[in-house]
Student: 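My questions all concern the structure below.
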Number of protein chains: 2
Amino acid sequence: MTGTLTAMHTRTRSYHHGDLRAALLTRAEETLREKGPTALSLRELARDLGVSHAAPSRHFKDKQALLDALARVGFERLRETLEASQEDTGEAFAERLEAMFRAYVGFALDNPALLELMYALKHAPEASAELVEATRRWSELLERVIDEGQRRGEVRKGELERVGVPIFAALHGYAELAATGHLPPEVHEHGLDEVIAFTLRGCAPDGA
Amino acid sequence: MTGTLTAMHTRTRSYHHGDLRAALLTRAEETLREKGPTALSLRELARDLGVSHAAPSRHFKDKQALLDALARVGFERLRETLEASQEDTGEAFAERLEAMFRAYVGFALDNPALLELMYALKHAPEASAELVEATRRWSELLERVIDEGQRRGEVRKGELERVGVPIFAALHGYAELAATGHLPPEVHEHGLDEVIAFTLRGCAPDGA
DNA sequence: ATCGAATGTAGGCGTTGCCAACAATGCTGT
DNA sequence: ACAGCATTGTTGGCAACGCCTACATTCGAT
């Protein structure tokens with residue numbers, strides 16, 4: 001009986017997987033991308049990775065816990081993407097803002113299901129706190145850009161949080177609408193350009 | 001046996017329910033609001049309404065079909081809300097826009113789970129088309145306001161769709177962020193005011 | 001009044017999430 | 001080196017779920 005079992009997977013995989021937790025997250029993201037969050041099943045995940053159906057529970061107490069962790073990964077990747085967007089750009093506010101907008105929307109279009117999961121509302125309470133913190137971590141990047149823009153006199157004065165919220169809203173709103181397919185196709189061409197120009201007007205200093 | 005069954009629900013409910021479809025949608029919305037979309041179960045819905053577990057299948061071929069229908073209901077209600085918001089308001093663009101923004105955000109805060117469902121991406125393909133159509137139906141209201149604003153010279157010129165997209169984005173983005181709890185608490189007080197002012201600046205005519 | 005369509009019921013199938021009991025492995029202190 | 005313990009994985013079971021098929025009741029058109 002043990003013989004047939006070991007024969008089943010000729011893989012050089014011992015009793016312990018090595019890094020099942022990471023493997024679960026990776027595979028979960030693939031499934032999420034391909035078949036949506038409803039289709040995501042812990043047991044299927046386990047089958048795909050060649051472990052037993054209860055193995056995932058050693059790393060995520062819950063299905064929701066795995067989704068929460070997945071959302072965290074998403075925010076971390078988003079932050080990296082946004083950070084990278086600022087590296088090869090000029091110093092002008094308009095340039096920095098545009099780079100960040102394009103990066104955010106690019107991320108949304110590349111990972112629509114993940115984005116939906118990140119901003120879903122049914123996370124576990126304690127994971128929710130972590131996710132708000134994750135949001136704060138990436139929005140700091142945007143706030144840094146705004147703050148610098150204010151210092152350069154290219155952005156109207158005002159508390160960082162209050163100036164930032166409308167920008168945040170326009171950015172996230174367009175990304176979400178584009179990613180979920182709620183924009184008519186003819187918009188995709190220049191829609192983002194319009195949003196960027198609109199945003200720049202919205203936060204330009206008074207006398208400009 | 002039949003005796004105990006009839007005794008179980010003393011309700012004056014004959015073999016046929018009357019309007020099970022509507023009852024399912026109503027109850028589903030309650031459950032959605034209270035326990036989230038994952039917790040929504042066709043069988044539990046049937047139990048709540050005192051019908052057999054397979055009865056819902058006569059009205060919705062699928063669980064997804066019910067969710068799709070629920071999203072449609074949501075869009076219809078949103079449209080009514082927005083339409084009503086324009087009735088007791090002045091003619092100035094700023095006034096009309098503000099009324100619509102407050103109505104949309106109010107709807108989002110009152111029905112966060114429903115809003116999430118409405119803009120979710122895993123709808124059935126043919127329901128998806130219907131939902132895009134539903135989106136178009138309510139966004140026409142916004143476009144009407146914009147068009148009137150343009151005629152009054154209070155909104156910059158430009159194709160309706162292109163001027164509308166950034167406004168749509170800012171509006172939906174703020175509503176979603178507020179509804180999903182992704183805004184720091186101190187923002188809720190005046191955040192929407194800021195977004196409205198920002199939006200008005202963003203679509204003001206050039207020479208203003 | 002009859003017959004077909006619409007609506008609801010009863011039961012079964014495979015899958016799922018979760019739990020408890022058990023097994024193999026890795027680690028740590030002596 | 002190795003005993004003991006925590007970690008990680010396995011097996012089996014349970015209740016609930018979505019969906020399917022077959023059957024029952026009711027409604028409505030003719």
Side-chain angles (χ1 to χ4, degrees), chain A residues 1-28 31-32 35-70 117 122-124 127, chain B residues 1-9 11-28 31-32 35-70 122-124 127:
Chain A
M1 192 190 285
T2 329
T4 56
L5 258 178
T6 39
M8 281 180 64
H9 29 69
T10 48
R11 311 280 307 107
T12 324
R13 189 180 299 134
S14 43
Y15 189 87
H16 284 107
H17 174 281
D19 196 357
L20 182 55
R21 191 189 140 94
L24 283 167
L25 285 174
T26 303
R27 182 68 186 131
T31 311
L32 180 67
K35 308 195 290 181
T38 312
L40 212 162
S41 138
L42 290 179
R43 284 172 109 108
E44 185 179 354
L45 242 45
R47 279 194 299 271
D48 289 353
L49 299 177
V51 296
S52 80
H53 67 258
S57 73
R58 295 294 173 193
H59 301 275
F60 303 99
K61 82 171 213 296
D62 235 17
K63 184 177 185 175
Q64 187 58 52
L66 184 144
L67 295 178
D68 293 347
L70 210 45
L117 178 63
K122 58 175 168 231
H123 293 288
Chain B
M1 191 189 286
T2 330
T4 55
L5 259 177
T6 37
M8 280 181 64
H9 31 71
R11 311 278 307 106
T12 326
R13 190 181 297 134
S14 43
Y15 191 88
H16 284 107
H17 174 281
D19 196 357
L20 182 55
R21 191 190 141 95
L24 283 167
L25 286 174
T26 303
R27 182 70 186 128
T31 310
L32 179 67
K35 308 197 291 180
T38 313
L40 213 161
S41 137
L42 291 180
R43 286 172 108 109
E44 185 180 354
L45 241 44
R47 278 194 301 270
D48 289 351
L49 299 177
V51 295
S52 80
H53 68 259
S57 73
R58 295 294 171 190
H59 302 275
F60 303 99
K61 80 171 214 297
D62 234 20
K63 184 178 184 173
Q64 187 58 51
L66 184 144
L67 294 178
D68 293 346
L70 210 46
K122 57 175 171 229
H123 292 289

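Atom set for the values below is all heavy atoms of this structure, side chains included, hydrogens, waters and symmetry mates excluded. Letters A, B, ... are given to chains in the order of the sequence lines, protein chains preceding strands, and every chain is numbered from 1.
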Student: Rounded to the Å, how far apart are His53(A) NE2 and dG17(C) C1'?
Tutor: 10 Å
Student: From the set dG13(D), dG18(D), dT9(C), return the single nucleotide nearest to any side-chain atom of Leu42(B).
Tutor: dG18(D)
Student: Consider side-chain contact (heavy atoms from CB on, under 4.5 Å). Of Leu45(A), Leu20(A), Asp19(A), Leu70(A), which one does Leu25(A) pass it with?
Tutor: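 Of all the options given, the one that passes is Leu70(A).
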Student: Just how far, in rounded Å, is P of dT10(D) from CG of Leu49(A)?
Tutor: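 My rounded result for the distance is 11 Å.
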Student: Give one of base, sugar-phosphate or nothing for Arg21(A), where a contact means two heavy atoms less than 4.0 Å apart.
Tutor: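 If one applies the 4.0 Å heavy-atom cut-off, Arg21(A) turns out to touch nothing in the nucleic acid.
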Student: How long is the span from the CZ atom in Arg47(B) to the CZ atom in Arg27(B), to the nearest 0.5 Å?
Tutor: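 Spacing of CZ (Arg47(B)) from CZ (Arg27(B)) equals 11.0 Å.
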Student: Atom CG of Asp19(B) to atom P of dA6(C): distance rounded to whole Å?
Tutor: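 Result: 16 Å.
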Student: Give the minimum heavy-atom separation between Ala46(A) and Ser52(A), together with the two atoms involved.
Tutor: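 Shortest heavy-atom contact: CB-O, 3.3 Å.
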Student: Does a nitrogen or oxygen in the side chain of Arg47(B) sit under 4.0 Å from OP1 or OP2 of dC17(D)?
Tutor: yes
Student: Rounded to the nearest 0.5 Å, how far does CG of Asp68(A) lie from CG of Asp62(A)?
Tutor: 8.5 Å
Student: Whole angstrom is fine here: how far is it from CG in Leu20(A) over to C1' in dT10(D)?
Tutor: 13 Å
Student: Students often get this wrong, so: under 4.0 angstrom with heavy atoms, is Leu45(A) touching a base, only sugar-phosphate, or nothing?
Tutor: nothing
Student: Can you confirm whether Leu24(A) sits close enough to Pro56(A) that some side-chain heavy atom of one is under 4.5 Å from a side-chain heavy atom of the other?
Tutor: yes
Student: Hey, is the side chain of Ser52(B) poking within less than 4.0 Å of OP1 or OP2 on dA10(C), counting only N and O atoms?
Tutor: no
Student: Under the side-chain contact (heavy atoms from CB on, under 4.5 Å) test, which residues partner Lys63(A), sequence neighbours left out?
Tutor: Leu42(A)
Student: With a 4.0 Å cutoff (strictly under), does any side-chain N or O of Ser41(A) reach OP1 or OP2 of dT15(C)?
Tutor: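 Indeed not, no polar side-chain atom of Ser41(A) lies that close.
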Student: Heavy atoms within less than 4.0 Å of DNA chain C: which residues of residues 55-69 of chain A have one? Give them sorted by number.
Tutor: Arg58(A), Asp62(A), Lys63(A)
